[in-house]
Amino acid sequence: PSYPFPVNLNINWTGPAGFTSNTLTPTINNISSLNSGYYTVIITDENGFKWIDSVNLIVNPLPSTAIVNSSPNIQCLSSNQFSFTNTPSIPISSYTWNFGDASLPGNTSSYSHVYNTAGTYSVSLREVSDSGCIGNDTFVISVKPQLTARISASGPLIFCENGSVNLVASVSGVGNSLNYQWLNNNNAIPGANSSNYVATQSGTYTLELLSNNLCRDTSNSQTVLVYPKPQGVLSSTNGSLLLCAGNPLELNVSGINIS
């Protein structure tokens, strides 16, 4: 009514989901689609006059925004590629992706992204439904620094049999722990699982590294050449080593690996 209400009023609201109220301007908190429908108010004054009115309330659902990463959440810098998807529950008019780096936002429900710098990133998605309702979600991923392995020799790589050379690894971009595996001619050496290896045999040595964050690298190579010991035989051209004083003696050495 357009004229002032009497002082004593009896107000009764009814509506969906068991809604009732006795206030003139009720409030519904945390409204959802269950609250959609007709709301009716009956106002009775002290003289028994009644005013009845109703309104149809439509509550549009929020987007069920949820980022799903179909790739590993932790990846290495050298080969990272993250595949983010979102399956909307209602028609969506726009998507806005932010990948936490300097990239431009995407505008599709699915997106693949490659990071150029190691770090921890917060990926966010904002959806706007056809009815203008907004949904948001965030997802955290991690890009680990590239693992790099180099090996060097502490001495000559060419030596004779029974000699050795110490091969030493230097590593950058490490995780909390590393798994070492030395190889000779691409074959794993049993028990060679530390940061250095004493080589005693010929071959091309490399080192494979695997960090606890599953980043891996294969080092440069070092080629070791081991010469066998000479195996010589000493003989006399005279045919005998028993000579008389004053006679000449000519000795000769022959055998394997002698030059």
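- Between V171 and L147, some side-chain heavy-atom pair lies under the 4.5 Å cut-off.
- Remark: R126 CZ to I92 CD1 distance equals 11.0 Å, nearest 0.5 Å.
- A centroid separation of less than 6.0 Å is found between the aromatic rings of Y121 and Y115.
- The shortest distance between side-chain heavy atoms of I90 and P63 falls below 4.5 Å.
- Judged by distance alone, the side chain of N185 and the main-chain N or O of N187 form no donor-acceptor pair under 3.5 Å.
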*For L209 and T218, run side chain to side chain contact (heavy atoms under 4.5 Å, CB included): C-alpha distance rounded to whole Å, both residues' side-chain angles, the deciding distance at 0.1 Å, then the answer.*
CA-CA 6 Å; L209 277 180; T218 300; over 6 Å; no
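- Ring planes of Y39 and F19: perpendicular class, angle over 60° (limits at 30 and 60°).
- Residues satisfying the side-chain hydrogen bond (donor to acceptor under 3.5 Å, both in side chains) criterion with T138, sequence neighbours excluded, are absent altogether.
- With T44 contributing its side chain and G48 its backbone, the two residues share no donor-acceptor pair below 3.5 Å.
- One finds the CG atom of L34 at 11.5 Å from the CD1 atom of I28 (value rounded to the nearest 0.5 Å).
- Judged purely by atom type and a 3.5 angstrom limit, Q81 has no side-chain atom pairing as donor or acceptor with the backbone of V114.
- No more than 12 heavy atoms of other residues, nucleotides or ligands sit less than 6.0 Å from atom CG of N186.
- The two residues N184 and G203 have their closest heavy-atom pair at OD1-CA, 3.1 Å.
- Here N196 contributes atom CG and L167 contributes atom CG; the two are 8.5 Å apart, rounded to the nearest 0.5 Å.
- The aromatic ring centroids of F159 and Y227 lie 6.0 Å or more from each other.
- Judged purely by distance below 3.5 Å, without hydrogens or angles, the side chains of S131 and S129 pair a donor atom with an acceptor atom.
- Between the side chains of E46 and N8, a donor-acceptor pair is found at a separation under 3.5 Å.
- One N or O on the side chain of N22 and one on the backbone of I11 form a donor-acceptor pair closer than 3.5 Å.
- For I58, the CD1 atom sits in a loose shell: 12 or fewer heavy atoms of surrounding residues, nucleotides or ligands are nearer than 6.0 Å.
- In terms of modelled atom types and a separation under 3.5 Å, the side chain of W97 and the main chain of S124 share no donor-acceptor contact.
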*asked:* If you apply the rule side chain to side chain contact (heavy atoms under 4.5 Å, CB included), what do you find for N86 with Y95, and how did you get there?
replied: CA-CA 10 Å; N86 173 71; Y95 302 86; 4.1 Å; yes
*Given N12 and V41, is the side chain to side chain contact (heavy atoms under 4.5 Å, CB included) satisfied, shown in steps?*
CA-CA 6 Å; N12 289 288; V41 60; over 6 Å; no
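- Counting heavy atoms from C-beta on, the side chains of Y111 and T85 never come closer than 4.5 Å.
- Residue V59 is grouped with residue W13 when hydrophobic side chains (ILVMFWY) are merged at heavy-atom distances under 4.5 angstrom, including chains of intermediate members.
- Using a distance-only test at 3.5 Å, with no hydrogens or angles considered, no donor-acceptor pair links the side chain of S142 to the main chain of I74.
- Counting heavy atoms from C-beta on, the side chains of E208 and L210 never come closer than 4.5 Å.
- Residue V55 is not grouped with residue I42 when hydrophobic side chains (ILVMFWY) are merged at heavy-atom distances under 4.5 angstrom, including chains of intermediate members.
- Q222 places a side-chain N or O within 3.5 Å of a backbone atom of I151 that can act as its donor or acceptor partner.
- Rounded to the nearest 0.5 angstrom, N80 CG and C215 SG are separated by 9.5 Å.
- Of all non-hydrogen atoms in N35 and L57, the two that sit nearest each other are O-CD2, 3.8 Å.
- Under the 4.5 Å side-chain heavy-atom criterion for Ile, Leu, Val, Met, Phe, Trp and Tyr, Y197 and V224 are members of the same hydrophobic cluster.
- Side-chain contact between V123 and I141 is present, with heavy atoms from C-beta onward closer than 4.5 Å.
- Judged purely by atom type and a 3.5 angstrom limit, D217 uses its side chain to pair as donor or acceptor with the backbone of A149.
- Residues S89 and S64 share a closest heavy-atom pair of OG-OG, 2.8 Å.
- Annotation: the span from E127 atom CD to C133 atom SG amounts to 12.0 Å, rounded to 0.5 Å.
- In summary, the side chains of N193 and Q181 do present a donor paired with an acceptor at a separation below 3.5 Å, with no hydrogens or angles considered.
- Both L157 and I189 belong to a single network of hydrophobic side chains, linked directly or stepwise wherever heavy atoms of I, L, V, M, F, W or Y lie under 4.5 Å apart.
- No donor-acceptor pair closer than 3.5 Å links the side chain of N47 to the backbone N or O of F49.
- Checked against the 6.0 Å centroid threshold, H113 and F82 do not count as a close aromatic pair.
- A heavy-atom distance below 4.5 Å is not found between the side chains of T117 and D101.
- Atom OG of S94 sits about 8.5 Å away from atom CD1 of I134, to the nearest 0.5 Å.
- Using a 3.5 Å distance cut-off with no hydrogens or angles, the side chains of S54 and T40 do not pair a donor with an acceptor.
- Contact between S83 and N69 at its shortest, heavy atoms only, is O-OD1, 3.2 Å.
- For S33, the side chain to side chain contact (heavy atoms under 4.5 Å, CB included) criterion is met by no residue, not counting sequence neighbours.
- Heavy-atom minimum distance, Y180 versus A169: CE2-CB, 4.5 Å.
- Under the 4.5 Å side-chain contact rule for hydrophobic residues, I67 and V143 share a cluster.
- With hydrogens and angles ignored, the 3.5 Å screen pairs a side-chain donor or acceptor of S219 with a backbone N or O of L207.
- When all heavy atoms of R216 and Q146 are compared, the closest pair comes out as O-NE2, 3.8 Å.
- Between F139 and F84, the angle of the ring planes goes over 60°, which puts this pair in the perpendicular group of the 30/60° scheme.
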